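Heads up, the thing below is written out as structure tokens.
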Amino acid sequence: MLSAFLPLALLAASPDAGAPTRATMRDAFLSLTGLLPLTASREALRDPKNAQAIAQGLDTLASLRHAFPEDPKAQEPATAALSTLFARYAGDTRRRFDSGEYEAVSLRVRTLTSLCFTCHSRERAPADFADVQKRLDALALAPLEKAQVLAATRQFDAALAAYRALLDARPKNERALLEYARALQDTMALLVRVKDDAKATAELLDTLGKRSDLPPFLRGTLAAWRADVAAWEKEKFDALKASPDALYRRAQELVQKADGGRTFLSDERRDVPYLRASGYLNLALGKHPKLKARGEALYLLGVCAGALKSPLLWDVDLLFFEACVRENPKSKLARRCFQQLSDRVYLGYTGSSGTHIPEDELARLTELQVLAE
């Protein structure tokens, strides 16, 4: 693991309120690449030597000002959610770090990275990020951590190669089996949602399905995915050529097929329809940000993100539901989105000792309830 010196040096510059967008993005990039190695593992997060660098990095992200269009409906949903809620998300991540919720911090930092690169990679020249690979090569990451960082920074082909190496190996113990399952879920996210490649997904599942060294729970999941991919292959649905309305309707059908309107408990056996739906919804709103069904699309994106709970997009379901409420105040749709968000927040903070919701979350729920009702 890198020493704390490099991240501290990367995070030393705080953003200037009057700085142009390019400088603000560079601050975000430097902060995130400094945080990634320090939050990639529980050991690094627990190391007192890293505490100052992690806290400073999260504080920098929480104070960033983004230059986006004033009208959120002129943007695709991930950009809109990020531009209005990014600072709060980073601030909440800092609070979770202070309270020792290390697993959540690690996942949320990767989400921040993924969201930033999702938006910024289209707004800046590719040469601006030419030093990404050089920086990532210097990080002392485990194989799974490296694959996830590659995916979070949108180096999808390299990420798929790294994940495939992990999937070709044989899990040696229970910890390795958990990492294998996570690598498999991440790989499916890239093949289905990012690549929209039914053939490559089917080939992967067929290869893994022939293995006898995988436990029954994984073989059952693989069989469920393969059935959904087989149906997908027969559709011949061309997402890139489809109209925004057609993409929305297909996504809506997929969410209904996966029972997304009835439950917010994740079931990895239904990942394929949720991954496809979320990809189609983002594509629809990317093609036509002011789509008539935009509000419903935000709701469905929240349902998909919650069902998947991918390490690449952790807690983004709450961002989509919040964006839905803020964009559609005093409406039936806003009340539906608020109910989903409220239920998920209460469930997330409920354990054996009862429900303990932080004051800032309660304040947010109160504000959104007023907007919705």
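Quick caveat, the model's predicted, so the values are computed rather than measured. The first residue of the sequence shown is numbered 1, and numbering continues consecutively from there.
- For Phe237, the ring pair (Phe, Tyr, Trp, His ring centres under 6.0 Å) test picks out Tyr280, with sequence neighbours left out.
- Residues passing the salt bridge (charged side-chain N to carboxylate O under 4.0 Å, His left out) test with Arg42: none are found, sequence neighbours excluded.
- Salt-bridge formation is detected for the pair Glu235/Arg276: a Lys NZ or Arg NE/NH1/NH2 atom is positioned less than 4.0 Å from an Asp or Glu carboxylate oxygen.
- Looking at Asn328 and Arg294, their side chains never come closer than 4.5 Å, going by heavy atoms from C-beta outward.
- A side-chain contact (heavy atoms from CB on, under 4.5 Å) with Leu191 holds for exactly one of Leu160, Asp196, Asp186; it is Leu160.
- Under the side chain to side chain contact (heavy atoms under 4.5 Å, CB included) criterion, Glu373 pairs with Arg335, Gln369, not counting sequence neighbours.
- Legend: disulfide bond (SG atoms under 2.5 Å apart) pairs involving residues 328-373, not counting sequence neighbours, sorted by first then second residue: Cys324-Cys337.
- Pairs of residues two or more places apart, or lying in two chains, never qualify as disulfide bond (SG atoms under 2.5 Å apart) while including a residue from residues 187-226.
- Between Arg94 and Asp98 there is a salt bridge, with a side-chain nitrogen of the basic residue lying less than 4.0 Å from a carboxylate oxygen of the acidic one.
- The residues Arg250 and Glu253 are annotated as salt-bridged, a charged nitrogen and a carboxylate oxygen being separated by less than 4.0 angstrom.
- Shown here is Lys199, whose NZ atom has no more than 12 heavy atoms of other residues, nucleotides or ligands within 6.0 Å.
- Without hydrogens or angle criteria, Ser106 side chain to Thr39 main chain gives a donor-acceptor distance under 3.5 Å.
- A salt bridge between Glu233 and Arg226 is present, with a side-chain N of the basic residue lying under 4.0 Å from a carboxylate O of the acidic one.
- Salt-bridge formation is not detected for the pair Arg193/Asp271: no Lys NZ or Arg NE/NH1/NH2 atom is positioned less than 4.0 Å from an Asp or Glu carboxylate oxygen.
- The existence of a salt bridge linking Asp92 and Arg96 is confirmed by a sub-4.0 Å separation between a basic side-chain nitrogen and an acidic carboxylate oxygen.
- The pair Arg95-Glu359 does not count as a salt bridge, with every side-chain nitrogen at least 4.0 angstrom from each carboxylate oxygen.
- Under the rule for a salt bridge (charged side-chain N to carboxylate O under 4.0 Å, His left out), Glu179 has no partner lying at least two apart in sequence or in another chain.
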